[in-house]
J.: 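Here it is: the structure, laid out below.
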Amino acid sequence: MKKPVSTLKPVIKWSGSKRKVANQLSYLIPDGNTYFEPFVGGGSMLPFRKIKQGIANDIIPELVELWIAIKNKPEKTAYEYNIRWERLQKEGHQVYYEIRDKFNNTKNCFDFLFLTRTCVNGLIRYNSKGEFNNSFHLTRPGINPKTLKKIILNWNYYLKHVEFHNLDYTEVLANVKKNDFVFLDPPYGGNKDRYTKKAFDLNIFFKELERLNTIGAKWVLTFDGNAGKRKYNYELPRALYQHKTFIKTGNSPFTKMMKTTVDAVYESVYLNFQPSNKLLLNFDQQIGQKSALQGSLEM
Ligand SMILES: C[S@@+](CC[C@H](N)C(=O)[O-])C[C@H]1O[C@@H](n2cnc3c(N)ncnc32)[C@H](O)[C@@H]1O
């Protein structure tokens with residue numbers, strides 16, 4: 001089933017998602033042989049990737065398993081959500097906690113989908129033991145299964161040519177060749193990853209970027225940013241990139257929860273190539289505009 005990419009709703013809700021700016025960012029994607037996305041998370045760039053063949057990866061096993069299920073077994077994925085959701089409506093919120101306990105033992109990807117759709121603010125959160133620990137969102141019933149089924153089937157179309165992996169990003173980047181393209185949306189430097197609880201090592205990351213430059217692969221990286229007066233600044237070494245621009249990625253989730261006012265969040269976007277004037281013009285024209293998409297990916 002093909003739905004215009006501009007109207008696609010998220011299939012996997014992910015904090016730090018690039019959903020609102022995916023269309024705009026896609027204007028920076030050049031031609032290439034294979035599209036690589038080593039930090040795929042909620043995958044918001046995938047339908048916008050412009051390059052048909054894709055390799056997507058994330059460190060979280062249940063997330064990758066869910067992506068593979070959406071790709072290979074969309075009907076079953078929708079059905080599995082439906083049975084859990086029906087039980088929730090009939091038996092009440094203890095079903096959520098029962099499924100959460102089960103998930104923490106088995107890491108079943110359909111339990112994971114259900115939890116992401118019914119937990120507080122859809123926030124995927126793990127404790128230090130690697131257990132999912134967010135609570136049930138009492139005031140929301142969770143997305144209706146019929147609606148989610150449509151979303152899953154729509155996304156399935158855009159995943160046909162994507163191969164998913166569950167590896168450390170360095171292992172995926174090892175397969176990138178000349179004329180491939182890599183979209184990079186890593187965790188903020190120094191921040192502990194929500195799953196591995198390890199800080200993201202910027203030295204290793206910078207070395208990987210340098211290596212990609214050497215082999216002649218192009219990349220776009222969304223990186224450091226600022227929200228209001230707070231800066232999350234991890235300037236990329238100047239020698240690594242050719243072009244830098246900014247993008248408004250939304251409002252800080254932290255400030256959303258803690259304060260009544262919200263801060264705009266800007267992220268830097270780095271390119272290891274000089275984009276053509278046409279590409280830049282299209283990108284700039286998108287700034288401040290809501291998802292005014294002109295084309296969509298033909299599979
Ligand atoms: C900022 S999120 C990506 C969000 C994504 N662009 C989206 O629109 O939803 C970063 C992702 O990197 C993953 N990650 C963190 N460390 C990783 C590693 N060492 N290797 C692969 N993936 C990693 C996290 O699990 C997370 O999903």
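One-based numbering, in listed order, for ligands and for the atoms of each.
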J.: Counting each atom of ligand 1 from 1 as listed, which ones have a heavy atom of Asn57 under 4.0 Å away?
T.: 21 (C)
J.: Tell me, please: is Thr170 in heavy-atom contact with ligand 1, that is, under 4.0 Å?
T.: no
J.: When rounded to the nearest 0.5 angstrom, what distance separates CG in Leu159 from CD1 in Ile68?
T.: 11.0 Å
J.: Hey, can you pull the donor-acceptor pairs under 3.5 Å for the side chains in residues 173-181, sequence neighbours left out?
T.:
from: Asp180; atom 1: OD1; to: Thr34; atom 2: N; distance (Å): 3.1
from: Asp180; atom 1: OD2; to: Lys177; atom 2: N; distance (Å): 2.8

J.: Show me which atoms of ligand 1 lie under 4.0 Å from any heavy atom of Leu167.
T.: 20 (N), 21 (C)
J.: For the pair Glu98 and Lys102, find out whether any cationic side-chain nitrogen is under 4.0 Å from an anionic carboxylate oxygen.
T.: no
J.: May I ask you to check whether Ile59 has an N/O atom sitting below 3.5 Å from an N/O atom of ligand 1?
T.: yes
J.: Is there a path of hydrophobic side-chain contacts, each under 4.5 Å between heavy atoms of I, L, V, M, F, W or Y residues, that connects Ile204 with Trp219?
T.: yes
J.: Which class fits the ring pair Trp14 and Phe112: parallel under 30°, tilted 30 to 60°, perpendicular over 60°?
T.: perpendicular
J.: For Ser44, take its heavy atoms, then give the atoms of ligand 1 lying under 4.0 Å from any of them.
T.: 7 (C), 8 (O), 9 (O)
J.: Is Arg117 positioned over the aromatic face of Phe114, cation under 6.0 angstrom from the ring centre and no more than 45 degrees off axis?
T.: no
J.: Would you say Val40 touches ligand 1, if touching means a heavy atom closer than 4.0 Å?
T.: yes
J.: Out of Leu184, Asp168, Asp185, Ile60, whose heavy atom is nearest to atom 4 (C) of ligand 1?
T.: Asp185
J.: Can you confirm, on distance only, whether ligand 1 has an N/O atom lying under 3.5 Å from any N/O atom belonging to Tyr169?
T.: yes
J.: Under 4.0 Å from a heavy atom of Gly41: which atoms of ligand 1 are those, numbered in the order shown and with their elements?
T.: 9 (O), 27 (O)
J.: Which atoms of ligand 1 are found less than 4.0 Å from any heavy atom of Ser17?
T.: 7 (C), 8 (O), 9 (O)
J.: Does an N or O anywhere in Gly42 fall below 3.5 Å from an N or O of ligand 1?
T.: yes
J.: Have a look at ligand 1 and work out which part of Trp14, if any, has a heavy atom under 4.0 Å from it: side chain, backbone, both or neither.
T.: side chain
J.: Please tell me whether Tyr241 and Phe223 form a close aromatic pair, meaning their ring centres lie under 6.0 Å apart.
T.: no
J.: Show the atoms of ligand 1 that are less than 4.0 angstrom away from any heavy atom in Gly43.
T.: 7 (C), 9 (O)
J.: Which ligand 1 atoms does Pro38 reach within 4.0 Å, using its non-hydrogen atoms?
T.: 21 (C), 22 (N)
J.: Applying a strict under-4.5 Å side-chain criterion to I, L, V, M, F, W and Y, I'd like to know whether Val120 and Leu115 cluster together.
T.: no
J.: Could you list the residues that satisfy side-chain hydrogen bond (donor to acceptor under 3.5 Å, both in side chains) with Ser128, not counting sequence neighbours?
T.: none
